[in-house]
Amino acid sequence: MREPDPSCPDGAGPPADCLIVGGGPAGLTAAIYLARFRRRVVLVDAGSSRASLIPWTRNYPGFPEGIGGEDLLGRLRLQAARYGVTPVSTRVARLEADGASLFRAATGAGTVRARTVLLATGVVDHQPDLPHLLELVHKGHVRFCPVCDGYEIADQPVTVIGPFAQAARKALFLRTFTADLRLLPLDPSSGWPADDLPRLRAAGIVVEQRPLDSLTADGDRILARLVSGERYDVGILYPAMGATPQTGLVSHLGVETEAGGCLRTDSHQETSVQNLFAAGDVVNELNQLSVAVGHAAIAATTIHNRLRASADRSAHGAEDRAGTG
């Protein structure tokens, strides 16, 4: 069987069938699908997948003992490589629609032309000002996703930090797993929705009324220092500070977005720009590995079928022209 011939990012030769931007679980899964469909794929990866921050997850199907984010990414890269796809380690600086059926991308490794594009660039979490944050994340002392890992912090002391409204929602969600909850708002109490306070109190969640001065790390402990001078151990820290979808690469193309800035897609993961698809956290969906993989499978299959139908139409057109010659 002929192996897929991955296009080189030099602007020469035939265009790639798909340019995938982002080498996280969504981008790599799409590359595996498309390569197995015998499509020419270029996968550009800047090396900043959010999945790499996952120290260990037991929430991903098929790994009952859990798996680390870097290990999962490594396995996906290995699987993609078996079908001829090796990520190009660079960034896409600019993406343009070159006519109705071609995209042109300027990358650090040259120009890539592609018939379709799949954006899998994810989001960037807003993080608290905390020394040694990455180390604390990898140790499990700072966590971002209670859907992923709320089970792992069951019955432990937890502090949720962020603007009141966002932090309140996350704290109430975490109440499923622990009763030892504190909410540390980062905005003035004058802006807190009055209706949320009774719900938080009824759930036994302590709302810190005094302003935060700083967060510090003392070994494996995270300490909150209040403006009043009081310090206390926050336990497990859950930031609820939002995230920024990485959509800047396509904003000038007129792509439609949701209220939170994520890309709007249809049921086939296609954006409002024809032949531009999106998968994973950059889409306004539940930010989960399994969701990103599902997005990628849908998008890749749609891309393959779209290109196959286009090839059939071109072949029939050539036959018709030959018949009238």
Take a 6.0 Å sphere around CG of Asp195 and say whether it holds more than 12 heavy atoms from other residues, nucleotides or ligands.
no
Any pair with a residue in residues 158-172 that passes side-chain hydrogen bond (donor to acceptor under 3.5 Å, both in side chains), sequence neighbours left out, goes on the list, sorted by first then second residue, please.
none
Main-chain N/O of Gly13 paired to Arg113 side chain as donor or acceptor, under 3.5 Å
yes
Can you sort out the partners of Ile54 under side chain to side chain contact (heavy atoms under 4.5 Å, CB included), two or more places apart, ordered by chain and number?
Ala51, Thr57, Leu289
Could you go through Val283 and Cys262, starting from their C-alpha distance and side-chain angles, then the distance that decides it, and tell me whether this counts as side chain to side chain contact (heavy atoms under 4.5 Å, CB included)?
CA-CA 5 Å; Val283 178; Cys262 291; 5.7 Å; no
Shortest non-hydrogen separation from Pro185 to Val207 and the atoms involved:
CG-CG1, 4.3 Å
Test Leu212 against Ile161 for side chain to side chain contact (heavy atoms under 4.5 Å, CB included), laying out the working first.
CA-CA 10 Å; Leu212 175 70; Ile161 184 172; 3.8 Å; yes
Rounding to 0.5 Å, atoms CZ (Arg58) and CG (Asp149) come to a distance of 10.0 Å
Cluster question for you: counting only ILVMFWY and a side-chain heavy-atom cut-off of under 4.5 Å, with indirect links fine, are Leu53 and Met241 together?
no
Heavy-atom count around Arg199 CZ within 6.0 Å, excluding the residue itself: above 12?
no
From Leu286 atom CG to Cys148 atom SG, the distance as rounded to the nearest 0.5 Å
8.0 Å
Is a side-chain N or O of His252 found less than 3.5 angstrom from the main chain of Leu95, in a donor-acceptor match?
yes
Do you know which of Val142, Ile222, Val160, Val158 makes side chain to side chain contact (heavy atoms under 4.5 Å, CB included) with Val234?
Ile222
Judged by atom type as modelled, is there a donor-acceptor pair below 3.5 Å linking the side chain of Arg40 to the main-chain atoms of Pro15?
yes
Rounded distance [0.5 Å steps], OG1 in Thr216 versus NE2 in His132:
10.0 Å
Considering only residues two or more places apart or on different chains, which pairs with a residue in residues 20-29 satisfy side-chain hydrogen bond (donor to acceptor under 3.5 Å, both in side chains)?
none
Do Glu152 and Asn59 have a side chain donor and acceptor closer than 3.5 Å?
no
Stepwise side chain to side chain contact (heavy atoms under 4.5 Å, CB included) test for Thr265 and Phe277
CA-CA 8 Å; Thr265 63; Phe277 296 78; over 6 Å; no
Show me the donor-acceptor pairs within less than 3.5 Å that the side chains of residues 69-78 make with the rest of the protein, sequence neighbours left out.
| unit_1 | atom_1 | unit_2 | atom_2 | d |
| --- | --- | --- | --- | --- |
| Asp71 | OD1 | Arg75 | NE | 3.3 |

Are Leu19 and Ile298 connected, step by step, through hydrophobic side chains (Ile, Leu, Val, Met, Phe, Trp, Tyr) whose heavy atoms are closer than 4.5 Å?
no
Return the CG to CD distance between Asn284 and Glu258, rounded to the nearest 0.5 Å.
5.0 Å
Donor-acceptor pair, Glu256 side chain versus Arg264 backbone, under 3.5 Å?
no
Between Arg143 and Tyr238, does any side-chain donor sit less than 3.5 Å from a side-chain acceptor?
no
Quick one: list whatever passes side chain to side chain donor-acceptor pair (under 3.5 Å) with Glu230, sequence neighbours left out.
Arg210
Under the rule for side chain to side chain donor-acceptor pair (under 3.5 Å), what residues qualify as partners of Thr244, not counting sequence neighbours?
His126
Counting only heavy atoms from other residues, nucleotides and ligands, does the tally under 6.0 Å from OH of Tyr232 exceed 12?
yes
State which residues pass side chain to side chain contact (heavy atoms under 4.5 Å, CB included) with Asp220; sequence neighbours excluded, sorted by chain then number.
Lys139, His141
Given side chain to side chain contact (heavy atoms under 4.5 Å, CB included), test Cys18 with His304 step by step and report yes or no.
CA-CA 9 Å; Cys18 185; His304 171 64; over 6 Å; no
same_hphob_cluster(Phe144, Leu130) at 4.5 Å side-chain heavy-atom cutoff:
yes
Counting neighbours of CG on Asp218 that are heavy atoms of other residues, nucleotides or ligands and sit closer than 6.0 Å, is the number greater than 12?
yes
Please list every donor-acceptor pair under 3.5 Å in which a side-chain atom of residues 172-184 meets a protein atom from a residue at least two apart or in another chain.
| unit_1 | atom_1 | unit_2 | atom_2 | d |
| --- | --- | --- | --- | --- |
| Arg175 | NE | Ala203 | O | 2.7 |
| Thr176 | OG1 | Phe173 | O | 3.3 |
| Thr178 | OG1 | Gln156 | O | 2.7 |
| Thr178 | OG1 | Asp180 | N | 3.2 |
| Arg182 | NH1 | Glu208 | OE1 | 3.2 |

For Thr257, check side chain to side chain contact (heavy atoms under 4.5 Å, CB included) against everything at least two apart and list the hits.
Leu263
Check side chain to side chain contact (heavy atoms under 4.5 Å, CB included) between Glu65 and all other residues, then give those that pass, not counting sequence neighbours.
none
Show me the donor-acceptor pairs, under 3.5 Å and distance only, between side chains in residues 116-125 and residues at least two apart or in other chains.
| unit_1 | atom_1 | unit_2 | atom_2 | d |
| --- | --- | --- | --- | --- |
| Thr116 | OG1 | Asp17 | O | 2.7 |
| Thr121 | OG1 | Gln246 | O | 2.6 |
| Asp125 | OD1 | Arg50 | NH2 | 2.7 |
| Asp125 | OD2 | Arg50 | NE | 2.8 |
| Asp125 | OD2 | Arg50 | NH2 | 3.3 |

Between Asp266 and Glu270 (side chain of the first, backbone of the second, donor and acceptor by atom type, cut-off under 3.5 Å), is there such a pair?
yes
With no hydrogens and no angle check, is any side-chain donor or acceptor of Ser251 less than 3.5 Å from a backbone partner on Gly248?
yes
Check whether Trp192 reaches the backbone of Asp187 with its side chain - one donor and one acceptor, N or O, closer than 3.5 Å.
yes
Is atom OH of Tyr33 surrounded by more than 12 heavy atoms (other residues, nucleotides or ligands) closer than 6.0 Å?
no
If you measure from OG on Ser228 to CG on Asp213, what distance do you get to the nearest 0.5 Å?
9.0 Å
One pair to check against side-chain hydrogen bond (donor to acceptor under 3.5 Å, both in side chains): Asn275 and Arg306. What are the steps and the verdict?
CA-CA 9 Å; Asn275 293 325; Arg306 176 81 52 84; 2.8 Å; yes
Hits for side chain to side chain donor-acceptor pair (under 3.5 Å) against Arg231, two or more places apart or cross-chain, chain-then-number order -> none
Nearest 0.5 Å, please: how far is NE2 in His138 from CG in Leu136?
10.5 Å
